[in-house]
Amino acid sequence: MKKKLLTALQVLVTVGILCWVFHDPQKRAEMWQALMHAKPSWLVVGFICYGIVELLAALRWYILMRVQGIRLPLWRVGALFMLGIFFNTFMPGATGGDVLKVFFLFKEIPDKKEGGLLAVLMDRLIGLTGLIIISSVIVSLNYHWLSSTPQSRHLTWVLMAILASGLGGITLSFLISGFKLAHKLPEKMPLRDKLIDTSKAYHAYALAWPSSLSSLVLSWGVHLFSFSVFICAARALSINIPALELLTVMPIILTISAMPISVGGTGVREGLFAMLLGPLCGVNAGDAITLSLTGFMLTGAWAVIGGGIYLFYRSSDHRKLSDVERQVHEVEHEVAEN
């Protein structure tokens, strides 16, 4: 019931914000004209930039799986990763792309499920750590500019709160691992299994620190190229925003819109672009929303490719998402209890 309520809430928020975004006929006409006159060359560059994001992220996961002795070809890892992108982008609810990615990975490596799960957990942790580092650097260097308007200052604080929560979670799991407290946690404690599994991942990847460090470096590339997609979208639409200013607001926009508030961040992302680029950069709301939608279309094009891979994936087992999530959680529990 909680998951159904979350899905319903995400859909309602998405529809509500989109109605607010597109309620003005004149704004809709301006946005359509801007899209019709977009420069194809910059759209292609933006599409390639997000392709690089996918490649770097798949390579990071590939490296982490090798530590666990999993020897899947890079193209196969990339296909699994694309499946996750599709579900993260278009599917509402609590079952994210990572769950589907883990489920299909288990189909590939039925005898190495624990190693596969630990690789996915470490991939999440390193991706989050990379985001915390790169966002902290960008915000610290440009905090005076970001705090120049009430909207941007408040949203910067929201970003900092999200990053602090992520850092707190990483620190807690690290302390539990370091002091060997994992199996002493109460059995009914929320997220107990994930904390224990994370503890195991720390032990495995601390010994393979060169692989962990190279994965962190790849994470910085993942985030920077993600931001660059929207810089390309601005150039395609001839929206005059300095690249450094757009780069500065992107961690705020992409991090907040990644929260499970709406479907794939749709609506929330457009609202954040309008709230930030107007006061900070003098960009009208129509152009800001068009920029957001153009960047989303460039990333969504890769998600559509991921959907095609899902339909034709050789070992696909198209079950209900609730069944998939249950099976993944069962493996997480088994790993935690071993």
Side-chain angles (χ1 to χ4, degrees), residues 49-72 74 77-78 80-82 84-85 88 96-98 101-102 105 114-142 159-178 182 194-231 247-248 250-256 258-259 299 302:
C49 279
Y50 201 72
I52 295 173
V53 170
E54 305 281 9
L55 176 61
L56 294 179
L59 181 58
R60 180 183 67 199
W61 194 27
Y62 173 81
I63 291 171
L64 295 173
M65 282 199 286
R66 299 277 290 187
V67 173
Q68 296 295 332
I70 300 170
R71 297 290 191 268
L72 289 179
L74 181 58
V77 175
L80 289 167
F81 188 82
M82 293 290 287
I85 292 295
N88 277 333
D98 277 348
K101 197 167 64 176
V102 171
L105 177 61
E114 178 171 339
L117 179 63
L118 297 183
V120 171
L121 285 174
M122 202 63 192
D123 186 61
R124 292 175 183 171
L125 286 169
I126 289 179
L128 176 58
T129 303
L131 177 63
I132 291 172
I133 293 172
I134 201 166
S135 298
S136 299
V137 170
I138 291 173
V139 169
S140 298
L141 293 175
N142 300 280
L159 170 68
M160 293 168 66
I162 293 172
L163 296 180
S165 298
L167 181 60
I170 293 173
T171 303
L172 174 62
S173 61
F174 186 80
L175 290 175
I176 290 173
S177 174
K194 289 189 183 295
L195 285 170
I196 294 175
D197 294 343
T198 302
S199 173
K200 291 188 175 185
Y202 281 135
H203 285 294
Y205 287 96
L207 298 174
W209 65 265
S211 295
S212 301
L213 181 59
S214 61
S215 298
L216 179 61
V217 173
L218 287 172
S219 292
W220 296 335
V222 167
H223 296 305
L224 287 174
F225 276 101
S226 295
F227 303 158
S228 298
V229 171
F230 291 87
I231 295 174
L247 177 67
T248 300
M250 288 314 304
I252 299 174
I253 294 171
L254 294 187
T255 301
I256 296 176
M259 298 293 101
T299 59
W302 285 98

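All residue numbers in this chain count up from 1 along the given sequence. These numbers come from a predicted model, not from an experiment.
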List the atom pairs, donor and acceptor, that lie under 3.5 Å between side-chain atoms in residues 133-142 and the rest of the protein, sequence neighbours left out.
residue: Ser135; atom: OG; partner: Leu131; partner atom: O; Å: 2.8
residue: Ser136; atom: OG; partner: Ile132; partner atom: O; Å: 2.6
residue: Ser140; atom: OG; partner: Ser136; partner atom: O; Å: 2.6
residue: Asn142; atom: ND2; partner: Ile138; partner atom: O; Å: 2.9

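With sequence neighbours excluded, the residues satisfying ring-ring contact (aromatic ring centres under 6.0 Å, His included) with Phe230 are Phe273.
Note that the OG atom of Ser211 and the CG atom of Leu218 stand 10.5 Å from one another [nearest 0.5 Å]. Once rounded to the nearest 0.5 Å, the distance linking CD1 of Ile253 with CG of Leu159 reads 11.0 Å. Once rounded to the nearest 0.5 Å, the distance linking OH of Tyr62 with CG of Asp123 reads 15.0 Å. Interatomic distance, Met250 CE to Thr248 OG1, rounded to the nearest 0.5 Å: 11.0 Å. Between the OG1 atom of Thr129 and the CD1 atom of Ile170 there is a distance of 3.5 Å, given to the nearest 0.5 Å. One distance of note links CH2 of Trp209 with OG of Ser214; it measures 10.0 Å at 0.5 Å rounding.
Looking at every heavy atom in both residues, Met65 comes nearest to Ala119 through CG-CB, 3.7 Å. Contact between Ala208 and Val67 at its shortest, heavy atoms only, is CB-CG1, 3.7 Å. When all heavy atoms are compared, the tightest approach of Ser226 to Val53 is N-CG2, 3.4 Å. Closest approach of Phe81 and Trp61 over heavy atoms only: N-CZ3, 4.0 Å. In terms of heavy atoms, Val229 sits closest to Cys49 at CG2-CB, 4.0 Å.
Looking at Arg124 and Leu121, their side chains come closer than 4.5 Å, going by heavy atoms from C-beta outward. Counting only heavy atoms from C-beta outward, the side chains of Leu72 and Leu80 approach each other to under 4.5 Å. Looking at heavy atoms from C-beta onward, Leu118 lies out of side-chain contact with Met122 at the 4.5 angstrom threshold.
With respect to Ile126, the side-chain contact (heavy atoms from CB on, under 4.5 Å) criterion is satisfied by exactly one of Val217, Val222, Leu64, Ile63: Leu64.
Side-chain atoms of Ser212 come within 3.5 Å of backbone atoms of Tyr205 as a donor-acceptor pair (strictly under, hydrogens ignored). Of the possible donor and acceptor atoms, one in the side chain of Arg71 sits under 3.5 Å from a partner among the backbone N and O of Arg66. Between the side chain of His223 and the backbone N or O of Pro251, no donor-acceptor pair lies under 3.5 Å. Judged by distance alone, the side chain of Thr255 and the main-chain N or O of Ile252 form no donor-acceptor pair under 3.5 Å.
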Q: Would you please test Leu56 and Trp220 for side chain to side chain contact (heavy atoms under 4.5 Å, CB included) and show each step?
A: CA-CA 10 Å; Leu56 294 179; Trp220 296 335; over 6 Å; no
